[in-house]
Amino acid sequence: MDDDHEPVFKRSRYGWRYEYNPRNPLGLALIIGSLVLVGVMMLLMANKAGPFAPPAGPTWSPPAEDWPPSAWPPDTPDAPTPDATAPAPAATP
């Protein structure tokens with residue numbers, strides 16, 4: 001078997017693109033390496049690990065001036081006060 005004279009890439013069956021040649025040792029190594037790389041990437045995606053891991057900390061935090069939220073109703077002089085003559089809400093059974 002004379003593998004040294006086989007090209008690493010050969011024309012595909014249809015002739016307009018190239019593919020790895022498994023008869024060349026380097027071409028075979030490229031095929032195996034590509035399959036291993038794709039398999040590892042699929043495992044990392046399935047396990048959400050490596051570059052596919054979600055961010056570690058919280059993704060959003062409220063602005064500093066609005067936290068902690070103020071009490072409601074606000075303690076301002078123009079705030080509406082409950083009317084003593086207003087009917088009370090009906091109790092639910």
Side-chain angles (χ1 to χ4, degrees):
M1 198 175 197
D2 193 14
D3 290 336
D4 292 337
H5 299 313
E6 287 283 335
V8 175
F9 298 101
K10 66 177 183 176
R11 280 193 186 264
S12 69
R13 186 178 332 172
Y14 304 108
W16 61 76
R17 63 181 191 182
Y18 288 89
E19 58 189 24
Y20 296 136
N21 185 1
R23 293 185 184 146
N24 185 309
L26 182 58
L28 184 62
L30 287 172
I31 291 171
I32 293 171
S34 299
L35 292 173
V36 167
L37 180 69
V38 168
V40 167
M41 296 303 284
M42 298 277 285
L43 285 172
L44 288 174
M45 284 190 275
N47 294 327
K48 295 181 181 175
F52 305 106
T59 57
W60 180 83
S61 61
E65 64 270 1
D66 290 342
W67 195 257
S70 61
W72 183 257
D75 297 327
T76 58
D78 58 341
T81 57
D83 188 11
T85 61
T92 57

Query raised in the report: Between the side chain of Asn21 and the main-chain N/O of Lys10, is any donor-acceptor distance below 3.5 Å?
Result: no
Query - Minimum-distance pair of heavy atoms, taken over all atoms of Leu44 and Pro51 - result: CD1-CD, 4.4 Å
Query raised in the report: What are the two closest non-hydrogen atoms of Pro22 and Ile31, and how far apart are they?
Result: CB-CD1, 3.9 Å
Report task. Verify side-chain contact (heavy atoms from CB on, under 4.5 Å) between Tyr18 and Arg11, making sure each step is shown before the conclusion. Result -> CA-CA 4 Å; Tyr18 288 89; Arg11 280 193 186 264; 3.5 Å; yes
Report task. Consider only side-chain heavy atoms of I, L, V, M, F, W and Y, link residues closer than 4.5 Å, and tell whether Val38 and Leu35 are in one cluster. Result -> no
Query raised in the report: Distance from Phe9 atom CZ to Arg17 atom CZ, nearest 0.5 Å?
Result: 13.5 Å
Query raised in the report: If two hydrophobic side chains count as joined below 4.5 Å and joins carry through other members, does Val36 share a cluster with Tyr20?
Result: no
Query raised in the report: Are Val40 and Met45 in one and the same hydrophobic cluster, where Ile, Leu, Val, Met, Phe, Trp and Tyr link if side-chain heavy atoms are under 4.5 Å apart?
Result: yes
Report task. Taking all heavy atoms of Lys48 and all of Pro54, pick out the closest pair and write down the distance. Result -> O-CD, 3.9 Å
